[in-house]
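The chains referred to below are lettered A, B, ... by the order of the sequence lines, with proteins before strands, and numbering in each begins at 1.
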Amino acid sequence: MLEMRAEPCSLRILRQNAPPFMSTERKTLEQRAQMSDIERLRHSCAHIMATAILRIWPDAQFAYGPPIENGFYYDFQMKHRITPDDFEKIEAEMKKISKENQKFEWIGISREEAKTMAESGRLGGLTERPGNPSVFKLDLIDKIPDGEQISCFKNGDFIDLCAGPHVGYSGKCKNVKLTSVSSSFYMGDETKPQLQRLYGTAFESKEELEAYFVRLEEAKKRDHRKLGKEMRLFHIDEDVGQGLILWTPNGAVLRQELQNFISEELRKQGYSQVFTPHIGKLALYKTSGHFPYYKDAQFPAIVEPDALEQIAHEGCGCAEMTSRLDAVSSQFANQINERTGREVIGQDRIMDAEKLLDGFLLKPMNCPHHIKIFASQPRSYRDLPVRLAEFGTVYRWEQSGELNGLTRVRGFTQDDAHLFCTEDQVAAEVLGCLSLVKIVLNTLGMSDYRVRVGLRDPDSGKYAGNPEQWDRAETACREAAKTLGVPFTEEPGEAAFYGPKIDFVIKDVIGREWQLGTVQVDYQLPIRFDLSYTGADNKPHRPVMIHRAPFGSMERFTGVLIEHFAGHFPTWLAPEQVRILTISEKVDAFADDTFAQLKAAGLRVTLNNDADKIGAKIRNAQLDKVPYMLVLGEKEAAAGGVAVRHAKRGDLGVKPIADFLSEVTSEVRERRL
RNA sequence: GCCGAAGUAGCUCAGAGGUAGAGCAGCGCAUUCGUAAUGCGCGGGUCGCGGGUUCAAUUCCCGCCUUCGGCUCCA
């Protein structure tokens with residue numbers, strides 16, 4: 001699961017969840033016993049796959065082979081590198097093993113016996129393998145707590161360290177298919193050996209197996225990267241840079257409509273729109289605490305031309321420049337440490353003021369800018385809450401291997417806002433944020449989501465702020481989550497160190513989960529920036545900050561949305577809402593007139609008066625996923641009507657233009673699905 | 001960043017040590033047609049980039065870039 005480190009600030013960017021099965025933690029025996037039938041089957045398939053691999057490559061050393069959501073895998077190490085060309089051979093061997101109908105037998109052994117078997121290479125092998133000890137099994141044995149029964153399973157000649165459970169006989173495992181091969185680190189640890197990971201899937205019946213691959217094919221058809229290209233929604237260009245999205249005209253319409261929608265809701269909820277630049281001084285992020293702690297995840301600092309010339313003149317090297325950029329003055333350090341009441345900036349970062357280098361940073365988040373807007377004038381308790389909203393573009397240096405279409409990018413625009421309020425207002429404001437998220441998701445028909453409430457770990461002392469404050473904020477989050485009417489889970493230890501949070505995890509139509517929106521309560525940044533407002537008692541008070549983003553980012557949300565609708569956007573979002581299709585040149589004038597009327601009504605309409613036949617024009621419009629097609633021929637011209645065809649609902653018959661216009665414009669205005 | 005695979009026309013893809021081909025899209029001409037493809041013709045590629053081997057490289061080798069599948073990461 002996601003690890004929540006002590007972060008100084010803010011909107012955790014919305015990431016796909018690590019699937020729960022990635023955890024290599026040992027399961028308890030009780031958890032094992034709860035394995036479902038299908039998991040049991042797939043886990044047994046992993047053993048059969050290992051057996052097959054060993055028959056072909058006897059040197060293979062196996063590590064860990066669990067069932068996963070849609071199948072199973074086994075991690076192993078061997079000289080031969082598996083490629084998809086090997087799948088057929090391995091599958092054939094697996095089928096053979098299934099036919100042999102080997103019994104899965106449980107064997108309980110002592111720790112000593114287990115170690116002896118592992119050292120001889122017998123454990124996780126078909127025979128003893130002198131000189132090739134089962135290194136991973138040895139390590140796994142060491143991880144089994146003292147006193148716990150060491151459990152093995154044997155099928156045919158293959159004996160594996162395994163807590164089970166398994167199916168009775170390998171004959172059950174016949175509907176199996178290998179799906180992909182990749183690599184992984186032992187125990188998910190980058191410093192440990194890199195293993196080959198072979199994935200497969202298995203089902204009880206042949207029909208289910210086939211249906212699974214059909215579903216996969218369907219899923220591929222709605223991949224936002226494929227649809228994005230086909231529908232010309234966005235483009236990523238090598239010369240611009242990886243992970244940097246170019247929103248093409250069609251995609252820009254989609255994004256603009258989404259932003260208009262959010263903006264309308266924000267106005268209703270009393271937000272103020274702001275604009276801030278894409279960069280800010282390094283000192284700003286030193287105050288917030290983001291620099292240099294997250295340096296690896298940021299684009300490098302931008303140094304002013306004069307300063308650059310100066311240090312070049314001084315013969316300053318890269319390493320020195322970096323440390324001069326990272327450092328702070330003792331005055332700065334004292335100030336921050338005093339405000340927070342802890343030594344958040346160590347002595348090692350302090351440098352003489354004249355050696356310090358300042359520069360700019362492409363903003364990795366918007367909060368510091370919004371904080372400075374809040375702090376730009378004296379604030380009274382009567383002004384609160386102050387709600388500052390911005391579609392703020394941020395830049396983060398994501399690892400190249402992580403980039404993915406619209407869902408993982410290096411520059412993205414958050415539908416961001418920061419709320420500054422009194423302690424007493426936190427509950428109501430969190431509630432307001434959640435209702436906004438709910439409106440957004442409902443409007444888009446995304447009903448399949450769940451909510452995670454991240455609370456503090458009661459046993460940890462890492463949290464900033466006082467316990468009473470935390471209790472109130474956590475209660476506020478919990479109560480707010482309850483009002484959503486959707487299942488939510490409370491996850492202790494998942495809070496940010498500066499405050500509790502609520503994350504929205506959205507399922508797309510295929511069932512994949514994505515973390516999008518988030519609401520976070522923050523007690524820490526107001527302290528670091530020494531924010532205050534004047535209370536009714538005429539004394540300064542510390543405001544509480546709330547970070548929130550219902551979409552998360554325009555990029556990721558759009559990506560999810562494309563897949564959610566499979567490209568068939570509701571009319572209000574469709575880049576092209578209506579296409580007029582003429583049957584022959586004889587109706588060109590009528591078509592022009594109709595086109596002008598729809599255009600005047602504010603619809604995004606195009607006219608296809610090519611010499612193609614009507615069947616071809618309809619086909620093209622269908623493929624372009626245009627919601628409404630108006631077929632115009634001599635009949636319609638004579639009657640002053642339009643023959644309406646909807647991309648999903650088919651032929652809707654002929655109706656007067658005025659009727660069609662009022663229907664579609666109200667559909668768009670109401671943002672109907 | 002790590003492991004593996006891939007990159008040929010706008011798109012989907014075929015091909016092979018002797019400087020490339022299909023379908024769709026585009027353009028032109030003909031057709032004037034009633035709810036998912038009218039016909040004929042034409043244009044279009046430094047075969048991702050840079051080196052090397054060779055008489056000859058898009059093809060073989062090396063490096064790089066990008067994409068894909070994972071891993072790791074994800075303020």
Side-chain angles (χ1 to χ4, degrees), chain A residues 2-19 22 24 73 75 81-85 179-199 223 225-226 229-230 232 236-239 241-243 285 288-291 293-298 364-365 367 394 396-405 407-410 496-498 515 518 520 525 547 581-588 609-624 629-636 643-647 650-654:
Chain A
L2 287 165
E3 185 198 18
M4 195 66 220
R5 284 195 314 220
E7 288 124 11
C9 168
S10 122
L11 292 178
R12 282 180 66 221
I13 181 120
L14 323 155
R15 295 303 183 210
Q16 186 175 15
N17 275 326
M22 287 308 173
T24 47
Y73 67 80
D75 283 350
R81 280 217 167 274
I82 301 266
T83 72
D85 295 338
T179 50
S180 67
V181 60
S182 66
S183 77
S184 66
F185 295 104
Y186 179 60
M187 304 306 282
D189 183 341
E190 236 179 323
T191 63
K192 298 244 163 69
Q194 194 149 30
L195 308 173
Q196 303 194 54
R197 175 174 292 180
L198 186 53
Y199 288 92
D223 187 313
R225 293 168 299 192
K226 178 176 148 69
K229 195 181 273 186
E230 283 173 8
R232 299 184 190 285
I236 300 170
D237 195 284
E238 274 187 42
D239 291 340
Q242 12 169 204
Y285 301 99
S288 73
H290 286 92
F291 192 85
Y293 299 107
Y294 295 102
K295 209 163 53 175
D296 290 349
Q298 293 163 352
M365 79 293 301
C367 1
V394 298
R396 298 178 188 185
W397 187 257
E398 303 292 354
Q399 294 188 71
S400 60
E402 274 308 324
L403 299 170
N404 181 279
T407 51
R408 192 76 184 264
V409 293
R410 282 184 173 162
F497 91 100
Y498 50 76
Q515 188 185 318
T518 180
Q520 304 186 5
L525 278 185
H547 311 251
L581 313 174
T582 56
I583 287 178
S584 80
E585 272 175 13
K586 293 170 196 156
V587 294
D588 276 359
N609 57 7
D610 292 348
D612 285 330
K613 289 180 16 173
I614 194 66
K617 292 187 187 184
I618 285 172
R619 179 166 195 273
N620 289 334
Q622 284 287 153
L623 291 175
D624 290 344
M629 286 155 263
L630 299 184
V631 177
L632 300 189
E634 291 184 89
K635 274 187 280 180
E636 288 76 20
V644 183
R645 182 189 162 97
H646 188 269
D651 195 343
L652 302 179
V654 179

Practice task
For side-chain contact (heavy atoms from CB on, under 4.5 Å), just list the numbers for A/H646 and A/M629, CA-CA rounded to whole Å, side-chain angles, deciding distance to a tenth of an Å, and then say yes or no.
Solution key: CA-CA 6 Å; A/H646 188 269; A/M629 286 155 263; over 6 Å; no
Practice task
Given side-chain contact (heavy atoms from CB on, under 4.5 Å), test A/E636 with A/V654 step by step and report yes or no.
Solution key: CA-CA 8 Å; A/E636 288 76 20; A/V654 179; 3.9 Å; yes
Interatomic distance at [atom1], [N] relative to [M], whole Å:
N     : M     : atom1 : result
B/A9  : B/G23 : P     : 16 Å
B/A5  : B/G41 : P     : 43 Å
B/C11 : B/G45 : C1'   : 14 Å
B/U59 : B/A16 : C1'   : 6 Å
B/A37 : B/C3  : P     : 50 Å
B/C47 : B/A14 : C1'   : 13 Å
B/G21 : B/G28 : P     : 25 Å
B/U54 : B/C61 : P     : 16 Å

When the distance from [atom1] of [X] to [atom2] of [N] is rounded to whole Å, what number comes out?
X      : N     : atom1 : atom2 : answer
A/N609 : B/U31 : CG    : C1'   : 16 Å
A/Q298 : B/C74 : CD    : C1'   : 13 Å
A/Q194 : B/G1  : CD    : P     : 14 Å
A/D296 : B/C74 : CG    : P     : 10 Å
A/Y294 : B/C74 : OH    : P     : 9 Å
A/W397 : B/A75 : CH2   : P     : 18 Å
A/H290 : B/C74 : NE2   : P     : 13 Å

What residues, two or more places apart in sequence or in another chain, satisfy salt bridge (charged side-chain N to carboxylate O under 4.0 Å, His left out) together with [X]?
X      : value
A/D624 : A/R579
A/K617 : none
A/E585 : none

Pick out the pairs of N or O atoms, protein on one side and nucleotides 62-69 of chain B on the other, that lie under 3.5 Å.
| from | atom 1 | to | atom 2 | distance (Å) |
| --- | --- | --- | --- | --- |
| B/U66 | OP1 | A/Q242 | OE1 | 2.8 |
| B/U67 | OP2 | A/Q242 | NE2 | 2.7 |
| B/C68 | OP1 | A/R225 | NH1 | 3.2 |
| B/G69 | OP1 | A/R225 | NH1 | 3.3 |
| B/G69 | OP1 | A/R225 | NH2 | 2.8 |
| B/G69 | OP2 | A/R225 | NH1 | 3.3 |

Problem - Test item: A/I618 and A/L581 side chains (from C-beta on) under 4.5 Å apart, heavy atoms - result: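 Result yes, sub-4.5 Å side-chain heavy-atom pair found.
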Exercise for the section: Could you tell me whether the side chain of A/Y199 reaches within less than 4.5 Å of the side chain of A/S182, counting heavy atoms only? Expected result: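 They are in side-chain contact.
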Practice task
For A/Q196, answer base if it contacts any base atom (sugar-phosphate contacts may also be present), sugar-phosphate if it contacts only those atoms, and nothing otherwise; contact means non-hydrogen atoms under 4.0 Å.
Solution key: nothing
Handout entry: All stems with RNA chain B, defined as three or more consecutive Watson-Crick or G-U pairs under 3.5 Å
Key =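 Expected stems, ordered by start: B:1-7 with B:65-71, B:10-13 with B:21-24, B:26-30 with B:38-42, B:48-52 with B:60-64.
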Practice task
Take A/L195 and A/K229, find for each the nucleotide of RNA chain B with the closest heavy atom, and name the residue whose nucleotide sits nearer the 5' end.
Solution key: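 Result of the comparison: A/L195.
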Practice task
Could you check A/E230 against A/E585 and say which one's nearest nucleotide on RNA chain B is further toward the 5' end?
Solution key: A/E230
Handout entry: side-chain contact (heavy atoms from CB on, under 4.5 Å) evaluation trace for A/L195 with A/S183
Key = CA-CA 6 Å; A/L195 308 173; A/S183 77; over 6 Å; no
Quick one: does any side-chain atom of [X] pair with a main-chain N or O of [Y] as donor and acceptor, under 3.5 Å?
X      : Y      : answer
A/Q196 : A/I82  : yes
A/Q298 : A/H290 : yes
A/R410 : A/E398 : yes

Practice task
Using only heavy-atom distances, decide whether a donor-acceptor pair under 3.5 angstrom links the side-chain of A/R81 to the base of B/C3.
Solution key: no
Problem - Under-3.5 Å donor-acceptor pair between A/R232 side chain and B/C11 base - result: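 In this structure, the two groups form no donor-acceptor pair.
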Handout entry: Salt bridge present between A/K226 and A/D223 (N-O < 4.0 angstrom)
Key =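 Salt bridge absent between A/K226 and A/D223.
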Completion exercise
In 5'-to-3' order, the base (B), backbone-only (S) or no-contact (-) status of each nucleotide in nucleotides 34-44 of chain B, using a 4.0 angstrom heavy-atom cut-off, is BBBBB------
Problem - Residue pair A/D75 / A/S184, side-chain donor-acceptor N/O under 3.5 Å - result: yes
